[in-house]
There are 2 protein chains.
Amino acid sequence: MNTLAEENYLKAILNISFNTNKKVSTNEISNVLKTSPASVTDMLKKLLEKKLVEYEKYKGVELSNSGKQYAINILRKHRLWETFLVEHLGFNWSEVHEIAEELEHIKSTKLIDKLDAFLGYPKFDPHGEPIPNKEGVIPNVKSTSLDQMEVGFAGHVLGVTIDDKLFLDYLTKLNIKIGTKIEIIQKIDFDKSLIVRIENIQNHISFDVAKNILIKNN
Amino acid sequence: MNTLAEENYLKAILNISFNTNKKVSTNEISNVLKTSPASVTDMLKKLLEKKLVEYEKYKGVELSNSGKQYAINILRKHRLWETFLVEHLGFNWSEVHEIAEELEHIKSTKLIDKLDAFLGYPKFDPHGEPIPNKEGVIPNVKSTSLDQMEVGFAGHVLGVTIDDKLFLDYLTKLNIKIGTKIEIIQKIDFDKSLIVRIENIQNHISFDVAKNILIKNN
DNA sequence: AAATAAATTTAGTTATGTCTAAAAATTTTT
DNA sequence: AAAAATTTTTAGACATAACTAAATTTATTT
């Protein structure tokens, strides 16, 4: 069995990999986990020992097969708990991340499988993120971030790519949630910001915001 | 905020106090937590420092007011989670203790209050144990253990006092659950065991078993 | 009330996971 | 291709929470 700290490192490596597809650097991990690079090196040695990662000094790290399965299982637990919190306990989507950060470390497999059944085997969490199944397979939906769509495009929000309270509260204020129809009215070349129509109201959103909103891709 | 280890010590002290009403000894704690007495001494010093216990060298320990509130809150979380696991996820009463031992350490107060509401503010958990409310008040039901009842007594099971898989599985085999009617047919003086009737079937149960079954007391 | 036994504490170690400062390797710039 | 900058690792410390062995205190016998 792995410790809390080990689990958090595996999770961090998986998350960084999703964005970069390259080997993960010591510094990236230390930024995500807010620890010193020296601590990261220490932990990578330990994870290598346990064969949860492939790691060579100065060359970066990636998850081994078993490490990846382990990390995906944590992600599965995180997203199932978030779904429970929103759909059954009445939390809103910006509140659940922190609590799920704790719940994702509960070990019982039977618990998580029963929770999955209780929730009706959901494929997506309250942020539209895919929930890995028991076998670690992540449902694949082709999606594009809003910033890549052209002026004139109109479509529905599929999900978001970050689970940050400030971001999600801002979206809520803009009346954006999963399924919301968004139309691109204009794109500002200078700062890549967008003027969009949501529920018949025009709003000006930054590139950073658009980048983290996912739209269905046919 | 207190660590996992600290929480487990507070919990252990509370549990022992329920049975003894005296100051709790180092040895008792080390037995419950399966640590060495020396480790217990170390931790008691730390808890004293934090004013969670009243402790004098060689004289035993008891919870301070704040320590007691803290420990009761852990108990509240434990019992609410057990209720959720049995009533909504379909676990049986002998499986939930271990999982609740992990869930009870999840910190969010908002989570536990919402869970409480979701469950309909239950007063008793699946073992018949009272669930402390948000204010730390524990519902008080007068109950007597089965071993203290006389021959000829007939009544209903209110709950059990231990949360042990072997014990609960045995009760299930005997067809004993909460609400089950039990009649005392005979008491064996030699070993204090009892012959009882449950659902029209006679069974011979030991003193140790009877001691841990609670009966309503008028 | 001594002597013995039992319980508890102290002292000294260990493993985990963190840190800072310094050294080494890699990458980027000139 | 050297020099400079950045990244990463090593070395040495520290806090937590555990341990064993030895010392001390308290409780029980005789």
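In what follows, chains carry the letters A, B, and so on, assigned in the order in which the sequence lines appear, proteins first and then strands, with residues in each chain numbered from 1. Excluded from the calculations below are hydrogen atoms, water molecules and symmetry mates; all remaining heavy atoms, backbone and side chain alike, are included. For clarity, every value in this text was computed on a predicted model and none was experimentally measured.
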Mark up nucleotides 3-9 of chain C, 5' to 3', with B wherever a protein heavy atom is under 4.0 angstrom from a base atom, S wherever such an atom reaches only the sugar-phosphate, and - elsewhere. ----SBB

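The list of salt bridge (charged side-chain N to carboxylate O under 4.0 Å, His left out) pairs with a residue in residues 18-45 of chain B, not counting sequence neighbours, is empty. For residues 54-71 of chain A, no pair satisfies salt bridge (charged side-chain N to carboxylate O under 4.0 Å, His left out), with sequence neighbours left out.
Using a 4.0 Å heavy-atom cutoff across all strands shown, A/Thr35 reaches sugar-phosphate atoms only and no base atom.
What separates CG of A/Asp42 from C1' of D/dT8 is a distance of 12 Å, to the nearest Å. Atom CG in B/Asn8 sits about 17 Å away from atom P in D/dT16, given to the nearest Å. Between A/Asn31 atom CG and D/dT6 atom P the separation is 15 Å, expressed in whole Å. The separation between B/Lys50 atom NZ and D/dA15 atom P is 15 Å, rounded to whole Å. Computed from coordinates, the B/Leu4 CG to C/dT16 P distance equals 17 Å when rounded to whole Å. Straight-line distance from the CE atom of B/Met43 to the P atom of D/dC19: 11 Å, rounded to whole Å.
Applying the ring-ring contact (aromatic ring centres under 6.0 Å, His included) test to A/Tyr58 and every residue at least two apart in sequence or in another chain returns nothing. For A/His97, the ring-ring contact (aromatic ring centres under 6.0 Å, His included) partners are A/His78, not counting sequence neighbours. Residues meeting the salt bridge (charged side-chain N to carboxylate O under 4.0 Å, His left out) test with A/Asp147, sequence neighbours left out: none.
A centroid separation of less than 6.0 Å is found between the aromatic rings of B/Phe84 and A/Phe84.
OP1 or OP2 of D/dT16 has not a single side-chain nitrogen or oxygen of B/Tyr9 nearer than 4.0 Å.
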